[in-house]
Amino acid sequence: MHLFLFSTETKNDMKLNNLLLIFLLGALLFIHSCRSPESDEKLRSKIEAALETTAGIEVDVEEGNVTLDGQIGSDSLKQDIENKTKLAGGEDIKSIHNNIIVNLPEPEDAREKYHEIMGGAIDSTLTRDVNLVLEDFPTITAQVKEGIIIATGNLEKSKIDTLKKRLEHIKPKGIDMKGVTSR
């Protein structure tokens, strides 16, 4: 009878040990699947370093899931960025969400050709584009004459270069910023 009690205790101990082992394995898997913000930050830094020559791409990492945002000029560049991301992150990456938008660049002479076809209607097209840009600069007004943007108003000195770059992006024949003063 004493032997029976001993073997019963051993079976109970074995069941308890098995339950404890299963619990510990589950806890380890849970801990492994939960990434720390620090590891996400390290992964983001590695990816950003790999993409440092590609301007305008934003990288976000949450629990190993990488999101890429921005705008570039070609599908092949978009794929190249995703490939560089995979190489930089390796096995630390759970997934990549490539939200990069491809904006094919306008040919250099496109606005001039449009102007020839439309017989001067370029000013109305430029005016529309300028008004869209100026929505972000409410203290600035502009007129378009013969393809040249003439801007006036008052703007923080740090924002003048941004305004000029955005106006240059719509490809006018010229930009006159003499009427823009800084505060």
Side-chain angles (χ1 to χ4, degrees), residues 37-38 40-85 88-89 93 95-183:
E38 182 179 311
D40 283 344
E41 185 61 31
K42 286 180 183 176
L43 178 57
R44 186 180 64 76
S45 294
K46 282 197 275 185
I47 293 168
E48 285 178 341
L51 300 177
E52 70 184 353
T53 59
T54 310
I57 301 300
E58 294 179 30
V59 178
D60 185 44
V61 179
E62 188 173 324
E63 296 180 6
N65 298 303
V66 177
T67 303
L68 301 171
D69 287 301
Q71 295 183 7
I72 51 152
S74 73
D75 287 319
S76 61
L77 185 55
K78 178 179 178 176
Q79 188 59 52
D80 186 47
I81 290 168
E82 186 169 329
N83 292 340
K84 285 181 181 179
T85 300
I93 295 176
S95 67
I96 297 176
H97 305 281
N98 192 342
N99 299 334
I100 296 172
I101 297 170
V102 176
N103 289 330
L104 298 175
E106 187 177 274
E108 288 298 318
D109 61 347
R111 196 167 294 278
E112 286 76 17
K113 286 182 181 177
Y114 180 75
H115 179 61
E116 290 171 18
I117 293 168
M118 298 303 291
I122 190 170
D123 284 353
S124 62
T125 304
L126 270 175
T127 299
R128 182 202 65 212
D129 293 347
V130 168
N131 288 336
L132 289 173
V133 169
L134 293 182
E135 287 177 1
D136 295 333
F137 302 92
T139 59
I140 301 296
T141 58
Q143 294 180 332
V144 178
K145 292 185 180 175
E146 297 177 12
I148 298 173
I149 301 170
I150 304 163
T152 57
N154 195 326
L155 190 63
E156 292 176 33
K157 190 173 189 171
S158 62
K159 293 183 179 182
I160 290 177
D161 283 339
T162 303
L163 171 62
K164 187 171 183 181
K165 285 178 185 174
R166 298 230 356 237
L167 291 174
E168 287 171 347
H169 183 72
I170 59 177
K171 304 208 184 317
K173 286 184 180 178
I175 300 173
D176 180 351
M177 300 273 293
K178 294 175 197 157
V180 177
T181 58
S182 63
R183 352 179 185 157

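To the nearest 0.5 Å, the span separating CG on Leu134 from CG on Leu163 amounts to 6.5 Å. The structure places CD of Glu62 at 7.5 Å from CG of Asn65, a figure rounded to the nearest 0.5 Å. If you take OG on Ser76 and CD1 on Ile81, they are separated by 9.5 Å, rounding to the nearest 0.5 Å. In this structure, NZ in Lys78 is found 11.5 Å from CD in Gln71, a value given to the nearest 0.5 Å. Distance CG/Leu77 to CD1/Ile57: 7.0 Å, rounded to 0.5 Å. To the nearest 0.5 Å, atom CD1 of residue Ile100 and atom CD1 of residue Ile72 are 5.5 Å apart.
Residues Asn98 and Thr85 have side chains not in contact (no heavy-atom distance under 4.5 Å, counting atoms from C-beta outward). You'll find the side chain of Asp69 stays beyond 4.5 Å of the side chain of Asp60, heavy atoms only. Counting heavy atoms from C-beta on, the side chains of Ser182 and Ile160 come closer than 4.5 Å. Between Ile140 and Thr152, every side-chain heavy-atom pair lies at or beyond the 4.5 Å cut-off. The closest side-chain heavy-atom distance from Leu155 to Met177 is not below 4.5 Å.
Ion pair Glu41/Arg44 flagged as a salt bridge, since at least one NZ, NE, NH1 or NH2 atom sits closer than 4.0 Å to an Asp/Glu carboxylate oxygen.
With hydrogens and angles ignored, the 3.5 Å screen pairs a side-chain donor or acceptor of Thr139 with a backbone N or O of Asn154.
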Exercise. Can Lys164 and Val180 be said to form a side chain to side chain contact (heavy atoms under 4.5 Å, CB included), step by step?
Worked result: CA-CA 10 Å; Lys164 187 171 183 181; Val180 177; over 6 Å; no

Problem set entry | Residue pair Lys84, Thr53: steps toward the side chain to side chain contact (heavy atoms under 4.5 Å, CB included) verdict | CA-CA 11 Å; Lys84 285 181 181 179; Thr53 59; 4.0 Å; yes

Problem set entry | Verdict with reasoning, Leu132 to Ile170, per side chain to side chain contact (heavy atoms under 4.5 Å, CB included) | CA-CA 10 Å; Leu132 289 173; Ile170 59 177; over 6 Å; no

Exercise. Under the side chain to side chain contact (heavy atoms under 4.5 Å, CB included) criterion, do Asp80 and Thr54 qualify, and how do the steps go?
Worked result: CA-CA 10 Å; Asp80 186 47; Thr54 310; 5.9 Å; no

Exercise. Could you go step by step and tell me if Asp75 and Gln79 meet the side-chain hydrogen bond (donor to acceptor under 3.5 Å, both in side chains) rule?
Worked result: CA-CA 6 Å; Asp75 287 319; Gln79 188 59 52; over 6 Å; no

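No side-chain donor from either of Glu135 and Asn131 sits under 3.5 Å from a side-chain acceptor of the other.
Scanning both residues, Lys159 and Phe137, for their nearest heavy atoms gives O-CE2, 4.0 Å. Between Ala88 and Ala50 the shortest heavy-atom distance is CB-CB, 3.6 Å. Scanning all heavy atoms of the two residues, the minimum distance from Val130 to Ala142 falls at CG1-CB, 3.7 Å. When all heavy atoms of Gly64 and Asp40 are compared, the pair lying nearest together is N-OD1, 3.0 Å.
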